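To start, the structure itself, in structure tokens.
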Amino acid sequence: MFFKKKDRGIREAGWDRTLITGVVGMVYFAPVFWIILNAFKTRQDGLATPPKLFFTPSMDNFFNVFYRITDAGDHVATGMGLYFFNSIFAAGAGVLLALVIGTLAAYGFSRYPLRGNDTYLFVILTTRMLPPIVVIIPIFLMFRVTGLSGSYIGIILLYAMFNLAFSVWMMKSFFDELSTDVEDAARLDGINEIKVFFKICIPQLTAGLAATAVFALILTWNEFLFALLLTGNDTRTVPVAMARAMGGQLGVDYGLLSAIITLFLIPVFVVTYMLQNHLLRGVTFGTVKK
Amino acid sequence: MSNIISSALRGQFRQTNEVEKQQSTTQQTGKVQMNAFYKWLLDPKRRGALLVTPAVLLLFVMNIFPLMWSFGLSFFHFKASSMKPPRFAGFYYYEKVLADPVVWDRFQTTAAIVSLSVLTQLVIGSALALLFAKKFPLRREILMMILTPMMLSFVAVGVFFKLFYEPTFGIISQAYMYFSGETMTLLATKWGAIAGIVIADAWMWSPFVMLLVLAGLVSVPDYLYEAADVDRATPWERFKTVTFPYVKGLLLLAVLFRTIETFKLFDIVYIITAGGPGTSTETIAVYVYRMAFQFFKTSQSSALSYILLFVVIVLTNLYLYFVNQRNEGAS
């Protein structure tokens, strides 16, 4: 939206503006850059005072993320690989479920408004706006009773719920923008409703669907509190593992932590770049489009 | 919810009556029953409800039902760590929570963090938006650097800043040391720790305010600027009469949205200060967490949760009111 050739009201500025914003951008980005730099430092370089800006990069930290060398010289997996898998798996499955259910619901809300449509939408949004700590207490108790605590099913269902409000609101905003003319024409031609949905609506919304999915994936990928309380040793996700590495007894290995964060950030960078045009809609749950 | 269920039951009843009639005339009862059921289910009148049902069901099971359960618990004496059966307590815990000076203290801490953080975000976000409201080479790439923090995990941001504030090795502490010659122990005092949290949160979320303000800025029609130039308006007048009306609504939405989000701030506080020093940066979310999962005061934390829930519902309602107002204005 910010990058269309003929933006209203957007005036031209030259390279001087590039220079100013470039410096501002670099200052703003510096914390992230510093962490990435840290990940490539050896322990000595990392703890040097004054801090070193130039050094010989080392991949040791990245190796240490996944393997630990015992006194006997064996390589032992640290479990971090599993945590990365858990993060991807739980987020992926949860988002997929939320997206399927959410898209159907959004289509319903947009095309066949119920009595009290706005009330339903409000309740759905509220479930997302609630402080997670409010939601987690009863769910914690419920999971303890049903034995879902620490299982994949539990965390996936939870993430599906977590993303449902977002999917519904995002997809509804996309459906609302879609002109109904084509659909109505198809209906007049006697095409059945299921085909209208799958062959006419969905193909027009692939970009929107992708944006919603990717956005939800990132939000879930970053999620901490639910994972902290409801995952076990085998289902722990990366943010929880990161927080635990922070609270280590033997002093924190900042190089290692930086390496974990750097790996953790890669999908975030890729996605932010891809999503730039949908970012505004995404961060406001589809309530602000332009 | 009750609408859907009751209409479903009514429809089902009507349908079974029909089926009973059909049973006398045909032998293929099972098949007819299924067909009738599908016909009932796929009736155009029910299409909206049908599409929405799975979503409502999931939300009910995973969110609304647990919330109602904890609402019930807040009226009983109950500890998640003990096996004793719950005993009825009435409004005891609500009275206890509302009369507790500690709770009000935590609300004040939260309010201080929310107001400082949202204000900082507003100033920085608006400034950034003004910078980016022009077209210039490499705009997309530079914007990317500004927008990234917003997409990071709270935990990662918390870890970053905890690292920067670290008294001996932290980059911010070292810079401070270089200029003042003293060791910086930012997180050792109450207001220092609050500043530490606010800086991290504002750094992360200023881009959000920027995005909204930017959307307002680029929506100002060019001819208004031209008209202002013709009228020889001063830059301030031009801002006041041309630019600001287009940004106003979005600015309000940004403030409300950020207030709701900062109100529930947990992860950053948990990582950077863990509520310390002492309990001086314990936000209300961290306090509920402690109460529920360290002291296992389940009923009391449920009661407090419900008070939070009420606050958030009011704020969300307000937010949606302004969203609707803006959408009506646009169309």
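Naming: A, B, ... by sequence-line order, numbering from 1 per chain. What's counted below: heavy atoms across the whole structure, side chains too, no hydrogens, waters or symmetry copies. All values reported here derive from a predicted model rather than from experimental measurement.
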Gap separating the [atom1] atom of [X] from the [atom2] atom of [Y], nearest 0.5 angstrom:
{"X": "A:T237", "Y": "A:I155", "atom1": "OG1", "atom2": "CD1", "result": "7.0 Å"}
{"X": "A:T21", "Y": "B:E141", "atom1": "OG1", "atom2": "CD", "result": "11.0 Å"}
{"X": "B:L308", "Y": "B:I313", "atom1": "CG", "atom2": "CD1", "result": "11.0 Å"}
{"X": "A:M171", "Y": "A:F166", "atom1": "CE", "atom2": "CZ", "result": "10.5 Å"}
{"X": "B:I142", "Y": "A:L19", "atom1": "CD1", "atom2": "CG", "result": "8.5 Å"}

Indicate yes or no for a side-chain donor-acceptor contact from [X] to the backbone of [Y] under 3.5 Å, with no hydrogens or angles considered.
{"X": "A:T18", "Y": "B:P137", "result": "yes"}
{"X": "B:R139", "Y": "B:F132", "result": "yes"}
{"X": "B:R47", "Y": "A:E193", "result": "no"}
{"X": "B:S301", "Y": "B:T298", "result": "yes"}
{"X": "B:W205", "Y": "B:A200", "result": "no"}

Please look at [X] and chain A and tell me whether the side chain, the backbone, both or neither of the residue comes under 4.5 angstrom of a heavy atom of that chain.
{"X": "B:V323", "value": "side chain"}
{"X": "B:L253", "value": "side chain"}
{"X": "B:Y289", "value": "both"}
{"X": "B:Y270", "value": "side chain"}
{"X": "B:F293", "value": "side chain"}
{"X": "B:L315", "value": "neither"}
{"X": "B:L131", "value": "both"}

query: With sequence neighbours left out, what residues match A:F143 under ring pair (Phe, Tyr, Trp, His ring centres under 6.0 Å)?
result: none
Using non-hydrogen atoms only, which part of [X] is less than 4.5 Å away from chain B: side chain, backbone, both, or neither?
{"X": "A:D16", "answer": "neither"}
{"X": "A:L157", "answer": "both"}
{"X": "A:I35", "answer": "side chain"}
{"X": "A:V23", "answer": "neither"}
{"X": "A:I20", "answer": "side chain"}
{"X": "A:V123", "answer": "side chain"}
{"X": "A:I218", "answer": "side chain"}
{"X": "A:E223", "answer": "neither"}
{"X": "A:F215", "answer": "side chain"}
{"X": "A:S110", "answer": "neither"}
{"X": "A:F109", "answer": "both"}
{"X": "A:L229", "answer": "side chain"}
{"X": "A:L164", "answer": "side chain"}

task: Answer yes or no on whether A:R111 is positioned over the face of A:F175, meaning its NZ or CZ is under 6.0 Å from the six-membered ring centre and within 45° of the axis.
output: no
- request: Tell me, please, whether A:W15 has B:K135 positioned over its six-membered ring: NZ or CZ under 6.0 Å from the ring centre and within 45 degrees of its axis?
  value: no
Considering only heavy atoms and a distance below 4.5 Å, find which of [options] pairs most often with chain B.
{"options": "A:M161, A:R17, A:M26", "value": "A:R17"}
{"options": "A:Y28, A:Y107, A:F264, A:F224", "value": "A:Y28"}
{"options": "A:P239, A:G282, A:P138", "value": "A:P138"}
{"options": "A:I133, A:I101, A:N117, A:L121", "value": "A:I133"}
{"options": "A:T126, A:I139, A:V168", "value": "A:I139"}
{"options": "A:L158, A:V238, A:L219, A:T127", "value": "A:T127"}

Name the member of [options] that forms the most heavy-atom pairs with chain A at distances under 4.5 Å.
{"options": "B:L163, B:I284, B:V61", "result": "B:L163"}
{"options": "B:Y319, B:Y223, B:Y306", "result": "B:Y319"}
{"options": "B:L59, B:V288, B:L138", "result": "B:L59"}
{"options": "B:P207, B:A254, B:A292", "result": "B:P207"}

At their closest point, which heavy atom of [X] faces which heavy atom of [Y], and how far apart are they?
{"X": "A:I124", "Y": "A:A165", "value": "O-CB, 3.2 Å"}
{"X": "B:S305", "Y": "A:I137", "value": "OG-CD1, 3.6 Å"}
{"X": "B:A49", "Y": "A:L114", "value": "N-CD2, 3.3 Å"}
{"X": "A:T103", "Y": "A:L99", "value": "OG1-O, 2.5 Å"}
{"X": "A:N163", "Y": "A:A98", "value": "CB-CB, 3.6 Å"}

Give every donor-acceptor pair under 3.5 Å between a side-chain atom in residues 145-161 of chain B and any protein atom, sequence neighbours left out.
residue	atom	partner	partner atom	Å
B:T148	OG1	B:M144	O	2.6
B:S153	OG	B:V155	N	3.0
B:S153	OG	B:A156	N	3.4

message: Counting only heavy atoms from other residues, nucleotides and ligands, does the tally under 6.0 Å from OH of B:Y321 exceed 12?
response: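 No, because the 6.0 Å sphere around OH of B:Y321 holds 12 heavy atoms or fewer from other groups.
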Contact listing (chain A partner; residues 256-265 of chain B; heavy atom under 4.5 Å):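 So the qualifying residues are B:F257, B:I260, B:E261, B:K264.
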Could you pull out every donor-acceptor pair under 3.5 Å between side chains of residues 62-74 of chain B and any protein atom, sequence neighbours left out?
residue	atom	partner	partner atom	Å
B:S70	OG	B:L67	O	3.1
B:S74	OG	B:F71	O	2.6
B:S74	OG	B:Y94	OH	2.9

